[in-house]
Each structure stands twice: as structure tokens, then as C-alpha cells.
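Here the structure is laid out as C-alpha cells; the discussion comes afterwards.
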Amino acid sequence: MPEALIKLLSSPRARLVDLSYLDDTSGTTLLHQAAKRKDLGAIELAIRAGADVFVRDRRGRTVIESVGKDDRVKVFLKQFANQDSTLIEPPSTEPPEHRGYLNKYTNVAKGYNTRWFVLKNGALSYYRHQEDEGVACRGSIAMKTAILKPTPGSGGLRFEVHSTPTRGTHGSQKWYMKANHPVEASRWIQALTKSIEWARREAEKERQSVESDAQSMKPPSYRAQASSSRTSSRKSDGNGLVSGASSMADDDEAKSSNESPRMEEDHGKDTEESSVSESERAPPYNGSFELQGNSAVAQVELTSQLLASFLDSPTRPTEDMKQAIKDSFITAQNMLSEYVGMVKEREDWWKEKLKREHDRQDVWEESLRTVVKEGQELEDELRIRARRRSRLADSSYFTAPSEFGTLRTRPSQLPIASPGTMEEHEGAGQPEAVEDTSAVVSETVRRLSLSRRPAVASPTGTIVPARPLSLMIAASPTADRESLVDTDEEDEFFDAIESNALPLIVPESLTARPPSELPLALSKEQFIGYVRLRERLAITSDNRPPMSLWAVLKNSIGKDLTKISFPVFFNEPTSMLQRMAEDMEFSECLDAAAMEQDPHRRIAFVAAFAMSNYSSTIGRIAKPFNPMLAETFEYVRIDKEYRYVSEQVSHHPPISACWAESPKWHYYGEVDAQNKFMGKSFEIRPTGVAHADLLLPEDWAPSYPRYKSNVFKSKVVEHYSWKKVTTNISGFILGSPTIDHYGDMVITNHRTGDQCVLTFKPRGWRGRDAYEISGYVTDAEGSVTYEIAGRWNSQLVARAVGTGIGCLHPDVSVQSLPDSPTSPTPPPEYILLWRNSEKPPAPFNLTPFAITLNDCPEHTLRPYVAPTDCRLRPDQRAFELGRYERANDLKNKQEEFQRATRRAREEGRLPPHRPRWFSAETEPDTGERVWSPARVAENKLEYWAEREKIWKAKRFGQDAFWKAVERIFIEDNP
């Protein structure tokens, strides 16, 4: 190297010389020439004087690429690349400038092409070659509208620059760049980040300056408009550099400006965040941390290569090589020490951020609880005020004297009546037709006299004696008064019903049972385990460990509850199959329906059975155990003359199928519900269809299909179907959960076309419609024949259309008094379809019927039930005994056993699962899926035939095993 060049590079004045200048003749730089001559001393002097180790020649080649196969020079150059000091720059108020070659992605066909990029005056531009700078720009992006995004998983080589659309523009650009070295990429990322920050600071200063000028020049009414318009114009001008310069881009690159190389490299979808927001939330050393790590790794590799060349050298190493190795070790040590310090600072930052997030989450949860509590207090206050207003409205009712006392008038709300009734009461709902109040009172007295007559028995039931009744029949004279009385107090039937009883029909099937028609298979000897049913659990109170339900659910909003794993502490000691069996608690309703000759009353009793199971849900907030696939449950009631069997036929989605049979009816269906957590409440939307077949005498309906049985002859089948309503659970955040059911339940008689519609009213914020049900029965032509009202926690009552006055109230009192032998007999009016049974307090709010379901006597029942029966499930049994921690461990093991079985089926080590006792078919009347039980000879259910075989064999001391029943439960081994 010439002596003059050495002096120049060694002097401080070398910093003022552009050492990366391209020679016009050779098209290379000083560093390229030194590397070509393998002059390590010249390379070191040039780099220390300010030459860019990443500079490229006219052909786009870096210094390392121009060396060839000389590894010694390459290692020497890499050492300086890893020690690049240009990233550490003092802060400046001037816009950052940076130039260099980068590889820009064009499209799938062309891939990456080398382009010359220039960052200057708050804009990033690129050119085909370095010589084109300032002559033929191919595209630009303004930094104040730019978004910088490093590409993860690229080794620190790739990054993206996006332009965001502004007012007046619709398109955006996306540039995908790749550097040859992580340090080179970090240079660009740092320069772009600083340029974006600078551009946005300048834009903010300009905006504040313009707004200040606008406020001083414009009157108050126009200041906002002027500021908005000027801001809009500035945005358009700021984007003009992007749109205008971009129009000069070549076709290939312009068309592919929005194409991403990650489509072919599968980097996934990323989020758009500006570098400003990144810097505000970024951890320490966010811009240089990855660079420092890459530099440390590269330095260690360099040291390894130098050491390898030192050991493998055939000649004696020189002092320069020894010193280079020593310096390389010292550099690697320093870089690693610095990296470890950066890691520690970043770890402390992340810990602090995690703590802040926890505190923020606690505040959010507390705020949510406060909002819910305040909402509840507001509802309570509104409810109190509504009741006060209703009492004021009560005092404004019309009153008139009579021999029975004072009568209060109210609007008649009978929605539908027979033609004869409409003629009889044609003026009841029309204020203009009432000319004389005394006429209304006299008509009322006449009707009240009828209620003093004793009741009489009908061919189909027993009538409870009646008491005198006060009714309000006159219309309200004004619409305002009608709106006032529509309150909670009106729902109490103006207090008249609460103190008096109405004529009520109680079906004989609810008070007396006819001679038994039990099939021969349903013998007390075989089902001795069901003769004495237990009345209480082994534990006397719900002493589960306290846990926060919200802590489990807060991250599950909008998710399917069947796919959320709950700790066992949120359960109750029943299986979902047993909860499903609670539909059978009021089977007497089906008995009454099968004995009723009137088809409209029959469907009303079937509807009562369909809604009766909701009475067992009051306070039942705990979750039943999710059944394992192929889990079963059987239940027999000798006193009620039916037997029931169910099976979990699918796991995802969870579907349970059941079948119950009695001498008078069959009940079958499936439970297939969609469950979701909505943040403040659970939503359970059943999608399965329930069916009931009534076995009627053939002479009642000769055209019905015959029932195929050798036991019950001369019977025909009447088919009903319905779907259940939506269930909602709310208030658990405050610790006072409330369960509610709402929607329409439509029961259809597929033989006659009759329908019964029961509307479950939602509770509402005032709670006025809590538990309330209203409905009606229609014939095939759509004419209403019966009204129905009640509450799903107390009773359900029906009344024939045209036999009463006013709207049928859900809280009709059914108390009776001794009848008077001298009073005439009124016609039957009210029919009691269903009344809730007494439910004393019990752990987990289980009903007396539910308490009997999981009972499994050791000698009379356990040996005979199927090995898949949920009574034999160890975690559920441990939970019922109060061993909650043990139950939780067993539940985890049980679920892991089921997952292992599923994996074995997926891998082909086990055959695919098929339900053992049910098969899916299409029901012809509804067109819906129905799970039919497997049958054997003489139309018997295969389950009961197999159980009878097991019972007979073990009765005589023989070993017997259930046919084709797999093991699904683990053993309860300590």
C-alpha cells in the first residue's frame, strides 16, 4: 500500500473522506481493492477510518463476496462486521440519512432483486443502481405514514416497510427487504425507526402550529372546521410523496407491491403496529438486543475459526495471528458479558410488566364486579319503585258494592274464545259498549253465584270443591290506567285469587292408580335394588373447597363449555346421564295423558311432562360430571312402573341417548346442547329432540299404527315430539347465581296435527315474569281449545276456552274447602296438569328424586348393572363421599385414560367406537335424527335382555360377563 495512503487513513481527517466511493473505471471501492489484494493491514486501516464493511461494488457484490475462496480474509472481514460501531450514533435533531444496497422482494417469479435504497429527508426511496440516485427513482414511502416491521424467524435479515393509506388515498405499499448480514439489517432498522420518529415529531409540531394559527385567525364557530380542513390537506400533501413517487415504479414491482414472500415461506399473519408505539412499550435494548446476540454468536464462530486455522497451520504462527486470536477472545468475552447484562435488564423489565398486567387485571375484575353489583342494585331500586307505582294504580280501580263485597274492575284479557263466548262477552273488552255500571255489577254478581256451587266428579277425574270467587270484569276506561296496572301486583290477580279457590279438576291418575299392567320382565326380584330407594346422601352439607368460578371462566368467554376442563370442585355428585334421567321425576303426567280420552287434554298432560323437569334446576348451579364415551345409566321405578336406560353415544359433540318404557307409554330422545360462556352468563341451547309414544286403546283411535308387542295387545301408538328451551345462568360473579329458562316449547301430536305451545318467559330485570309459563292448545286447523298458565317451579293449570273470564293466571290458588251439599254444581273449569313436589334442603340442592339416582347398593344392585354404569365411576363416587381431592386426582386419571383410548383408536390399535345399545336413525314423523335402542327377539331391548341374563347367572353363583362391553373406568387404587 502506498505510504501516502497509509498516512491519510491513519489521520483523523480520513473521517471527512468518502471511503465507500465507487471508482468510475473499476466500479469498486477502496475496501474491495484491499480485499482483492488480501492486504489485511489496508483493510483494517480503511475500516477504522470509516469505510463501510457492507459496501457493494457496481455489480452489487459485497466485499466478502469479492474475496473469492480465501477464508482468512473472509474471517478477518466478518470480525469487523460483528464489531460494527455505526449503530451507536449520538442523538440528532436532523432527519437520519442512510444509503446502501438491499435485496427487495419483487414477486414469486423473480424473488429478491438487489436495489439501491436511500433514506433521506423523511422518505425512503429505491433505485435500480447506485448511479441512478437522484435520476430514476422507482418508488418512495414517506416515513410519517410508514410502519416498520421486522420479520420474525428470518435470523434478523428481513424486515418490512408498509405505507398506511391516508385521507385522499386508498392504496398502500408493502416492501419486503432482506440484508446480507444481521448487522446490516440492524443498521437499516435503526435508521428507519429514527426517521419514522423524527417525521412524526415534525408532523405533530406542524399540526400544533397550524391549529394555533387557525385559532388566532378564525372566529370560534369556524375554528374546528378550519383546523380539520388544514389537517386533511397536510395529510394529503404528506402522502403525495408516496403516491407521486410510487407512480414511477416499474410494472413488475408496482404490481407486486402488496405481494408477500411469506405466502411461499409460510410466516403466518402478522399485526400492524408502528415503530412509535413499539418504542413506547418496548423493553430495554429492543432495537439492539437481537443484534447483540447475533454479534456475540458471530464473534464466537469467528474465534473458533481463527483457533482452528491456528491449530491446523503447517507453518509456525506469527505474532500477528496470536494477537488476533487473543483480541478475538477478549472481544467475544466482552460481547457475551454485555449480552448477559442486557438479558438481566430485560428480564427485570418483563417481570415488572407482568406485575403491572396482573394489577391491571385485578382492577378490571374488581371494576366488573362493581358494575354488576351496581346493576343489581339499580334493578332492585327499579323493582321497588314499580311496586310503589302499582299500589297507586290499585287504588284508582273502579269499585262497586255487591252482596259479596266490593268489586274492583280491570280490563278483560281473554285472548281467544269460542264463538258463543264472544257473543256472550262482546262488550267485555269494549269500553264504549258499557253504558251502565250497575249492569256490569249485576252480571258479575250472577257469575259469582255460580262459584258457590259444589264441584262434581267428571268421568275422567275428581273435582276439588270450590270457594266463592271475586273476579274483575269491567274494562278500564282509559289507556293510561291500563298501562298503570301492568305491574307486578297485577300478576297477583288483584289479590282475589290468593284468598279464594277455583273449580279445579285433579285427574284420577294423580290421586289413584289402576290395577298394575306390569310386563313380566319387570319383577321385584330382579330389580330388588330399586325397591328401597335412599332418602339422603352420605354427606350432610356441601363442604367443597372454595374456588373462584370467575378465575376459571374469565379466559373462556365465547367458548364451548364442553371443551373447557373444570376442576372437580365445581361439580355435583351426579353424571350428566343422571341429570338427563331427572326428566322422569313426574312420569305421572304421561300416565294421566295415556288415560285421557280427549286428545287436547292428552297433549296438555304431555306438555306438562315436557316442562316438569325444569323444576329440578332451581339452585342447581353445580356442574354434573361429563360422561365418558360409552358410559351408561339404568334406572327402575317399581312404584311408578317404568324402567330407563341411557348411553353416551358421542364425545365430541357430547350426545346422550335414552329410552324409557312403561305399560302406558314410551319416552326417548337425546341431549345435544350448545353451551357457551357469554361473560356475564352461561347459555345452554338444546338441539336434541324428545319423543313420547302413548299406548292407547285401539277403540280410541282405530286408524293409529298398532303397537307391536305380545304383552300389550289391542294398543295403538300416538307419537309426540318437542325440543327443550334455552337455559341461562347468571349472577355467579356476585356469588348469587340465578338459573332461568326462556323460549317456546312446541309439543306436536303427529297423529292428529294438534299442537301445544308453552312460552317460558325470561325473568327480566324486574323479575316480574320469573318462572312464568303461558301457553295454549290448538287443533289441526289452528283453533285454540285450551289456555295454559303456571310457573315451572310450582304448578301448571289449563282451562278450556270459553269457560272462564279474564286471563288465566299462573298463580291460581288450588286450596279447597268443604263443599256445601245445598249448592248447585258448576261445570268443570280448571285442570291441574302438574304440581311441583316438596323439595327439602339437601347438599348441592339435589332433589329427593336426584338423590336416589347415584345409589348403588353393594349386594342388590352393583353386581348386576353394566360395568359402564356411571354409578361405578370412581371419581364421581369419591366426590359423593366428600373426598374431593381424591376425586380430582381420579378425574384427571380418568380423562387421561379416555385420551389414551382415543389415541389408540386414531392410530388403529383399537377399532373405531360404535354405540353399544343405541343406533342413529331418521325418525319418519319429524325427519330428525333419533337414537333407537338395540332390540333382540320378541322386540325386547337388548340391554334389558343382557341384564336379565347376567342376573340369572349370578343368582345361581355362576360367572357372567356383559357381551361386547368395553372397559371405560379406571380402578380406584390408592
Side-chain angles (χ1 to χ4, degrees), residues 455 457-464 466 493 497 501-513 583-616 640 662 664-665 667 690 692 694 718 720 722 724-725 741 744-749 752 754-761 771-779 784-804 807-816 827-838:
S458 70
T460 59
T462 303
I463 300 180
V464 178
F493 211 35
I497 303 295
L502 301 178
L504 185 76
I505 298 178
V506 181
E508 291 181 355
S509 59
L510 301 181
T511 58
R513 186 170 294 277
D583 290 357
M584 307 306 302
E585 179 176 1
F586 296 97
S587 61
E588 296 90 345
C589 293
L590 290 180
D591 295 338
M595 297 174 61
E596 179 60 62
Q597 192 167 357
D598 182 359
H600 295 163
R601 290 193 179 187
R602 277 203 302 270
I603 195 173
F605 280 111
V606 173
F609 170 80
M611 58 72 56
S612 63
N613 67 89
Y614 292 104
S615 64
S616 66
K640 297 187 178 184
S662 162
K664 305 179 186 65
W665 46 262
Y667 170 71
L694 298 183
E718 188 172 56
Y720 297 85
W722 64 90
K724 296 190 175 184
V725 297
H741 311 284
D744 287 342
M745 177 184 288
V746 181
I747 300 91
T748 303
N749 184 337
T752 64
D754 300 338
Q755 282 192 339
C756 178
V757 179
L758 298 182
T759 299
F760 289 66
K761 296 184 179 181
Y771 316 112
E772 185 174 346
I773 296 176
S774 63
Y776 54 87
V777 176
T778 63
D779 57 19
V784 177
T785 57
Y786 280 88
E787 300 173 82
I788 298 177
R791 300 187 188 272
W792 51 265
N793 67 334
S794 57
Q795 66 179 15
L796 194 70
V797 177
R799 181 180 67 182
V801 169
T803 59
C807 181
L808 181 59
H809 196 271
D811 298 321
V812 169
S813 176
V814 293
Q815 297 177 1
S816 60
E829 186 172 356
Y830 293 87
I831 306 170
L832 177 63
L833 300 176
W834 167 82
R835 175 179 286 169
N836 197 6
S837 59
E838 183 181 357

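In what follows, every heavy atom counts, from backbone to side chain, and hydrogens, waters and symmetry copies are set aside.
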Atom [atom1] of [X] and atom [atom2] of [Y]: how far apart are they, to the nearest 0.5 Å?
X: Met584; Y: Tyr667; atom1: CE; atom2: OH; result: 7.5 Å
X: Gln755; Y: Ile747; atom1: CD; atom2: CD1; result: 9.0 Å
X: Glu772; Y: Ser794; atom1: CD; atom2: OG; result: 10.0 Å
X: Asn793; Y: Ser615; atom1: CG; atom2: OG; result: 8.5 Å
X: Arg791; Y: Lys761; atom1: CZ; atom2: NZ; result: 8.5 Å
X: Tyr830; Y: Glu787; atom1: OH; atom2: CD; result: 8.5 Å

Can you give me the closest heavy-atom contact between [X] and [Y], atom names plus distance?
X: Phe605; Y: Leu832; value: CE2-O, 3.9 Å
X: Thr803; Y: Arg799; value: OG1-CG, 3.2 Å
X: Leu694; Y: Leu590; value: CD2-O, 4.1 Å
X: Lys640; Y: Glu585; value: NZ-O, 2.7 Å

List the steps and the verdict of side-chain contact (heavy atoms from CB on, under 4.5 Å) for Val746 and Trp722. CA-CA 6 Å; Val746 181; Trp722 64 90; over 6 Å; no
Stepwise side-chain contact (heavy atoms from CB on, under 4.5 Å) check, Asp779 with His600: CA-CA 8 Å; Asp779 57 19; His600 295 163; 3.7 Å; yes
Run the side-chain hydrogen bond (donor to acceptor under 3.5 Å, both in side chains) test against Asn613 and tell me which residues pass, sequence neighbours left out.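 With neighbours one apart ignored, the set is empty.
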Thr759 and Asp744: side chain donor to acceptor below 3.5 Å: yes
Between the side chains of Asn749 and Glu718, does any donor sit under 3.5 Å from an acceptor? yes
Angle between ring planes, Phe609 versus Trp665, binned at 30° and 60°: parallel, tilted or perpendicular? tilted
For the residue pair Tyr614 and His741, categorise the inter-ring angle as parallel (less than 30°), tilted (30 to 60°) or perpendicular (more than 60°).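 The arrangement is tilted - the two ring planes meet at 30° to 60°.
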Taking the side chain as every heavy atom from C-beta outward, state whether Tyr786 and Arg601 have any atom pair closer than 4.5 Å. yes
If you define the side chain from C-beta out and look only at heavy atoms, does anything of Ile788 sit under 4.5 Å from Leu758?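 Yes, side chains in contact.
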Which is it for Ser837 and Phe586 under the side-chain contact (heavy atoms from CB on, under 4.5 Å) test, yes or no, and what are the steps along the way? CA-CA 9 Å; Ser837 59; Phe586 296 97; 3.7 Å; yes
Glu596 vs Arg602, salt bridge (Lys or Arg N to Asp or Glu O under 4.0 Å): CA-CA, chis, key distance, verdict: CA-CA 6 Å; Glu596 179 60 62; Arg602 277 203 302 270; over 6 Å; no
Would you say the side-chain atoms of Gln795 pair up with the backbone N or O of Ala789, donor to acceptor, closer than 3.5 Å? no
Asp754: partners by salt bridge (charged side-chain N to carboxylate O under 4.0 Å, His left out), with sequence neighbours left out: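 Checked Asp754 against salt bridge (charged side-chain N to carboxylate O under 4.0 Å, His left out); zero matches.
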Result of checking Val801, Val757, Val777 against Val784 for side chain to side chain contact (heavy atoms under 4.5 Å, CB included):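 Only match with Val784 under side chain to side chain contact (heavy atoms under 4.5 Å, CB included): Val801.
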Should Asp583 and Lys724 be marked as a salt bridge (Lys or Arg N to Asp or Glu O under 4.0 Å) after you check the CA-CA gap, both sets of side-chain angles, and the distance that decides it? CA-CA 11 Å; Asp583 290 357; Lys724 296 190 175 184; 2.8 Å; yes
Listed partners of Ala608 passing side-chain contact (heavy atoms from CB on, under 4.5 Å), at least two apart: Cys589, Leu796, Leu833, Trp834
